[in-house]
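Naming: A, B, ... by sequence-line order, numbering from 1 per chain.
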2 protein chains.
Amino acid sequence: MIPVATIQGEPCCAPLAESPLGADDAETLARSLKALADPARLRILSLVAASADGEICVCELPAPLGLTQPTVSHHLKVLTDAGFLAREKRGTWAWFRLVPGALDAVTRPLAEPVEAVPA
Amino acid sequence: MIPVATIQGEPCCAPLAESPLGADDAETLARSLKALADPARLRILSLVAASADGEICVCELPAPLGLTQPTVSHHLKVLTDAGFLAREKRGTWAWFRLVPGALDAVTRPLAEPVEAVPA
DNA sequence: GTTAAACATCGATGAATGTCAATATTTATA
DNA sequence: TATAAATATTGACATTCATCGATGTTTAAC
């Protein structure tokens, strides 16, 4: 699994409508979106984002997701390699939190131009 | 290929941080993101969005993308079924334009909460 | 040091996906 | 109606990917 390059909060490219997306930028953006385009991974992000302390223990995830521990571990790796989650190990437990700005960096290029307001 | 349900501009779900994403909403959101998570499809969206008249002819796409006509047609179908593009046939040609609000409906649930500003 | 618990990695497998060549379909024109 | 052009569909193939069981690794407690 090749980690995605991730400079926090820096979008890979300009908004789609501004100029035609180049091949490399398209590849980069698609790679990030692929990391998000899975139900289990979206739910993991949501569980982390909605958690009281902004972080969640791996041990809390398999049950609500209905997935085995190895599968959850795999999804966490994908999200971490893509730069959306940060891992901290405390004792035997591993805790994950959102990397600030990482989600916004992906959605920014997808933002539509503001509509012209009729007079 | 099963078309994605699409009521324009209506996001499938609340922001991720607001409440844990349910299984069905996660499936819906993931399906939309999967439609976007491909370099060729992102470039198609960008070519349409950046075009002067807001629409583009299928015939203009294979060359800049370096893909065959059937492959381009396949990607256009994926984007149309997912509700991101609208197709209009004029004569022998087919024209595509963005469905307003469709992209925003996908990115809205991914928006991060605003940071608390320190005093 | 042994044991137990939490997590990561490995290997396998079935399903989904991107791509193309070949073919079908639709529309305009002669 | 016959021909040509643009697009869609079909079928095939190679690749990617989500998932799991089995196993390895790390840490704490005894």
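- Computed from coordinates, the B/Ile44 CD1 to C/dT19 C1' distance equals 13 Å when rounded to whole Å.
- The closest donor-acceptor contact from the side chain of B/Arg41 to the backbone of B/Lys34 lies under 3.5 Å.
- Taking only side-chain nitrogens and oxygens, A/His74 comes nearer than 4.0 Å to OP1 or OP2 of D/dA18.
- Atom CG of B/Leu33 and atom P of D/dC17 are 15 Å apart (whole Å).
- Looking at which nucleotide of DNA chain D each of A/Ala40 and B/Trp95 is closest to, the 5′-most match is held by B/Trp95.
- The distance from the CG atom of A/Leu29 to the CG atom of A/Leu33 is 4.5 Å, given to the nearest 0.5 Å.
- Taking side-chain N and O atoms only, A/Arg90 has no distance below 4.0 Å to OP1 or OP2 of C/dA6.
- Within residues 61-71 of chain B, the residues having any heavy atom under 4.0 Å from DNA chain D are, by residue number, B/Gln69, B/Pro70.
- Whole-Å rounding puts the A/Arg31 CZ to D/dT15 P distance at 17 Å.
- Rounding to the nearest 0.5 angstrom, the gap separating the CG atom in B/Leu110 from the CG atom in A/Leu103 is 6.0 Å.
- Closest to the A/Lys77 side chain, of the nucleotides D/dT7, C/dT9, C/dA6, is C/dT9.
- Rounded to whole Å, the distance from CD on A/Glu27 to P on C/dG18 is 12 Å.
- In summary, of the residues considered (B/Ile44, B/Val58, B/Leu47), a side-chain contact (heavy atoms from CB on, under 4.5 Å) with B/Phe96 occurs for B/Val58 alone.
- Which of D/dA18, C/dA5, D/dA6 sits closest to the side chain of A/Thr92 comes down to C/dA5.
- Distance B/Lys34 NZ to C/dA15 C1': 11 Å, rounded to the nearest Å.
- Between B/Lys89 atom NZ and D/dA6 atom P the separation is 12 Å, expressed in whole Å.
- The distance from atom CG of B/Leu67 to atom CG of B/Leu61, rounded to the nearest 0.5 Å, is 9.5 Å.
- Note that B/Arg90 lies in the cation-pi zone of B/Trp95, set by a 6.0 Å cut-off to the ring centre and a 45° limit from the axis.
- If you check C/dG18, C/dA28, D/dA18 against the side chain of B/His75, the one that comes closest is C/dG18.
- For A/Ile56 and C/dA6, the CD1 to P distance is 16 Å, given to the nearest whole Å.
- Taking CG from A/Leu79 and NE2 from A/His74, the interatomic distance works out to 9.5 Å, rounded to the nearest 0.5 Å.
- Regarding A/Asp38, its CG atom lies at a distance of 17 Å from the P atom of C/dA15, rounded to whole Å.
- Phosphate contact (OP1/OP2 of D/dA18, side-chain N/O of A/Arg41, threshold under 4.0 Å): present.
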